[in-house]
Amino acid sequence: MKPLDPRLLKYAQTARFFIIYISALGLLTAMLVIATDVLIAWIISPVITSHVPYSQVSHLVIVLAAVALFRALTMFAREAGAQRAANRIIVQLRGAVAAKATRLGPRWQARKAADTTTLLARGLEDLGPYFTAYLPQLILSCTVTPLTLAVMLWLDWLSAIVAVITIPLIPIFMILIGRLTEEASNRRLAAMQQLGRQLLDLISGLPTLKALGREQGPRKEIRKIGDTYARTTMKTLTVAFMSGGVLEFIATLSVALVAVETGFRLVYGNIELAPALAVIMLAPEVYAPLREVGKQFHASANGVAAANAAFEILETPEPPRGNTPCPPLQGAHLRVHDLKVAARGMWAPDGLTFSAKPGEITALVGKSGGGKTTTIMAVLGLGQIDHGSVEIVAADGRATNLKDIDPTTWWSNLAWVPQSPVILPGTILENIFPDPQVAGQLLPGGKESAELTAALDATGFREVIDNYGWDHRIGQGGRGLSVGQRQRLALTRALLGDQQIIVMDEPTAHLDARLEAQVGAAVSKLRDWGRIVLVIAHRAPLKNLADNVVHVRATPMSREETRQYGTNDGETTGDATPLEDYEFLDERALSDPLIGGGKQ
């Protein structure tokens with residue numbers, strides 16, 4: 001990233017006001033620095049040369065004290081404002097990256113989710129030193145250094161020339177050392193992201209590893225990655241300490257040259273004491289901002305690397321989005337025509353065609369990897385379609401292509417029930433009714449409405465409410481409820497919603513025969529209510545409920561098709577990509593109709 005990257009101003013609006021703020025304070029600081037040094041020189045000079053009493057310089061001492069106090073207040077305002085602005089800017093960048101990652105869709109997230117999570121949780125936090133230390137010093141180098149140099153030129157032009165000759169040495173060494181630091185910081189970020197990926201995978205798979213008695217297996221690999229991260233961090237610090245010492249040496253040597261040259265001319269009477277003292281005191285102030293920029297660059301280098309990673313995400317092209325409002329779905333049906341999606345050198349699905357009508361259950365069946373989940377992605381408006389179309393066909397026969405529909409208006413008509421439902425920490429009541437107004441309508445005064453009673457009885461969630469109550473608290477991911485209870489909670493949300501299209505991924509998974517029959521009855525009730533029910537089915541009871549069974553198949557691409565569409569290596573599609581991962585960044589998932597929250 002450049003010293004002041006324009007992209008920062010584009011994606012973090014607070015940065016603009018912050019730069020104006022510290023620029024004004026930097027200009028004020030420059031004037032206060034010059035005033036302090038000049039006042040000290042003009043106070044000391046007559047005392048040394050003429051032995052004037054204190055009373056004759058007391059007024060200057062009072063002014064000096066006022067300037068010093070004002071300078072301290074200015075520094076406090078600058079640092080406090082920088083800290084507050086840094087926090088706000090980091091929050092804005094996190095929000096922008098999270099929103100962008102959500103818009104990029106599940107296919108992009110399948111490849112980048114872990115790295116993006118690490119970037120948001122830890123990487124962007126390193127931007128703090130950039131705003132609190134590096135950027136203010138950069139502004140000071142653009143204000144204090146030139147103004148101080150101008151005053152030196154006015155007081156003693158020979159000393160100013162010496163300073164002008166030696167000043168470029170600091171930026172030259174900063175550039176040389178900065179390149180080393182940038183490489184070290186990039187390696188550190190890469191190690192941190194790799195460690196984050198491993199930890200996320202380990203945590204998500206820990207229950208399975210524990211069940212198999214292999215929970216100690218990844219320890220060696222995790223320790224190895226941790227050691228790599230520690231080594232890269234220490235290398236970055238080593239470069240920072242070495243470069244800091246080099247910059248200090250160059251700045252000290254430059255100040256010494258100015259002081260020696262001025263001292264010789266003072267001895268021979270070629271310059272008066274007052275301007276000589278002022279020049280000697282101003283000389284360090286000329287180099288100090290540049291020296292501090294070099295030192296603080298290393299403290300901020302990790303944040304700069306994280307910012308570059310954030311900008312890379314923010315500048316990733318988004319899938320095209322429609323802007324036509326979703327047409328009314330009453331009496332309409334869903335039509336998928338000749339759908340083909342390229343993945344790993346395969347068409348998955350390949351030429352899929354079917355219609356899903358109101359009051360019917362349409363089941364997608366087929367082998368794993370055949371493209372069932374990819375088909376669901378296309379229907380939800382979250383996946384790429386390489387060939388064919390998904391259309392909404394109105395009662396009068398008019399068809400609207402899904403790619404032309406505004407996704408927000410489309411999602412408001414959908415309820416999505418995955419195998420692992422999105423459940424946030426909170427009570428059962430809060431998870432079923434994210435909107436308190438809806439809770440008040442369906443559970444007025446603590447009494448169930450007829451609609452709520454029917455939904456609870458249909459899904460079998462009644463026994464959960466009877467055992468725990470509405471105020472039972474649930475942990476992250478549904479801890480506190482069994483897998484089957486979580487599934488029934490999600491189905492209850494779907495039944496209570498007013499979405500016309502219900503999309504499910506094997507809703508009877510993880511359930512015993514009794515609960516499977518209850519869930520099957522709930523799915524049948526959705527059909528009886530005239531909803532369009534689209535479900536991925538693996539188990540026979542759910543297939544037997546379906547009015548239409550659609551077989552989804554994958555076929556290899558031809559050599560010419562592979563050249564045209566590529567293999568999409570590294571992208572996870574088909575049934576290997578659980579769609580619940582789409583919500584990995586959205587803490588407000590329950591309020592999104594796409595997840596199947598209550599009425600909106």
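Positions are given from 1 along the sequence. The shown structure was predicted, so the numbers you read here are calculated from the model rather than taken from an experiment.
- Remark: Ala96 engages Leu314 in a side chain to side chain contact (heavy atoms under 4.5 Å, CB included) (not counting sequence neighbours).
- In terms of the ring pair (Phe, Tyr, Trp, His ring centres under 6.0 Å) criterion, Phe17 has no residue partners (sequence neighbours excluded).
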message: Working note: Phe461 + Leu491, criterion side-chain contact (heavy atoms from CB on, under 4.5 Å); need CA distance, chi angles, decisive distance, verdict.
response: CA-CA 9 Å; Phe461 202 64; Leu491 279 169; over 6 Å; no

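- Partners of Leu402 under the side chain to side chain contact (heavy atoms under 4.5 Å, CB included) rule, at least two apart in sequence or in another chain, are Val390, Ile405, Trp410.
- Ile501 pairs in a side-chain contact (heavy atoms from CB on, under 4.5 Å) with only one of the listed residues (Val533, Leu414, Leu534), which is Leu414.
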message: Show, in sequence, the C-alpha distance, side-chain angles and deciding distance for Leu545 and Ser524, and conclude whether the side-chain contact (heavy atoms from CB on, under 4.5 Å) test is met.
response: CA-CA 7 Å; Leu545 284 176; Ser524 298; 3.5 Å; yes

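- With hydrogens and angles disregarded, no donor-acceptor distance shorter than 3.5 Å links the side chain of Lys372 to the backbone of Val552.
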task: Kindly indicate, with the supporting measurements, whether the criterion salt bridge (Lys or Arg N to Asp or Glu O under 4.0 Å) is fulfilled by Asp386 and Lys340.
output: CA-CA 6 Å; Asp386 294 303; Lys340 301 173 74 172; over 6 Å; no

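- Scored by the salt bridge (charged side-chain N to carboxylate O under 4.0 Å, His left out) test, Glu391 finds Arg335 as partners (sequence neighbours excluded).
- Heavy-atom minimum distance, Pro556 versus Met346: CA-SD, 3.6 Å.
- Side-chain N or O atoms of Arg539 include none that pairs as donor or acceptor with a backbone N or O of Glu506 at under 3.5 Å.
- Counting only distance, with no hydrogens or angles, the side chain of Gln500 and the backbone of Gly530 share a donor-acceptor pair below 3.5 Å.
- Among all heavy-atom pairs drawn from Gly369 and Ala348, the shortest one is O-CB, 3.8 Å.
- Side-chain contact between Asn548 and Ile361: absent, with no pair of heavy atoms (C-beta onward) separated by less than 4.5 Å.
- By the side chain to side chain contact (heavy atoms under 4.5 Å, CB included) test, Val549 is found to be paired with Val365, Ala546, His551, residues two or more places apart in sequence or in another chain being considered.
- Inter-residue side-chain proximity for Thr374 and Pro349 is flagged as met; some heavy-atom pair is nearer than 4.5 Å.
- Without hydrogens or angle criteria, Thr492 side chain to Leu456 main chain gives no donor-acceptor distance under 3.5 Å.
- Residues Arg531 and Asp498 approach most closely at NH2-CA, 4.3 Å, considering heavy atoms.
- In this structure the side chain of Thr362 reaches within 4.5 angstrom of the side chain of Phe354, judged on heavy atoms.
- For Leu526 against Met504, the heavy-atom pair with the smallest separation is CD1-CE, 3.2 Å.
- For residues 394-423, every residue pair satisfying the salt bridge (Lys or Arg N to Asp or Glu O under 4.0 Å) rule, not counting sequence neighbours, is listed here: Asp396-Arg398.
- Listed by chain and residue number, nothing satisfies the salt bridge (charged side-chain N to carboxylate O under 4.0 Å, His left out) test with Glu312 (two or more places apart in sequence, or in another chain).
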query: Between Val503 and Val417, does a side-chain contact (heavy atoms from CB on, under 4.5 Å) hold up when you go through it step by step?
result: CA-CA 6 Å; Val503 184; Val417 183; over 6 Å; no

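- Under a 3.5 Å cut-off, the side chain of Gln485 and the backbone N or O of Ser482 do form a donor-acceptor pair.
- In this structure the side chain of Trp416 never reaches within 4.5 angstrom of the side chain of Ile502, judged on heavy atoms.
- Proximity of Leu352 to Asp338: side-chain heavy atoms (C-beta onward) are nowhere separated by under 4.5 Å.
- Looking at Asn87 and Val91, their side chains never come closer than 4.5 Å, going by heavy atoms from C-beta outward.
- Evaluation of the salt bridge (charged side-chain N to carboxylate O under 4.0 Å, His left out) rule for Lys100 yields Glu318 as partners, not counting sequence neighbours.
- The ring pair (Phe, Tyr, Trp, His ring centres under 6.0 Å) check on His472 picks up Tyr468, with sequence neighbours excluded.
- Considering all non-hydrogen atoms of both residues, Ala415 and Ala494 come closest at CB-CB, 4.5 Å.
- In terms of the side chain to side chain contact (heavy atoms under 4.5 Å, CB included) criterion, Pro325 has no residue partners (sequence neighbours excluded).
- In this structure, the side chains of Ile474 and Ile428 come closer than 4.5 Å at one or more pairs of heavy atoms.
- When every heavy atom of Val97 is checked against every heavy atom of Ala310, the shortest pair comes out as CG2-CB, 3.8 Å.
- Among residues two or more places apart in sequence or in another chain, the salt bridge (charged side-chain N to carboxylate O under 4.0 Å, His left out) test is passed with Asp547 by Arg527.
- Each salt bridge (Lys or Arg N to Asp or Glu O under 4.0 Å) pair with one or both residues in residues 84-96, not counting sequence neighbours, appears once here: Arg94-Glu125.
- Between Leu119 and Ile313 there is a side-chain heavy-atom pair separated by less than 4.5 Å.
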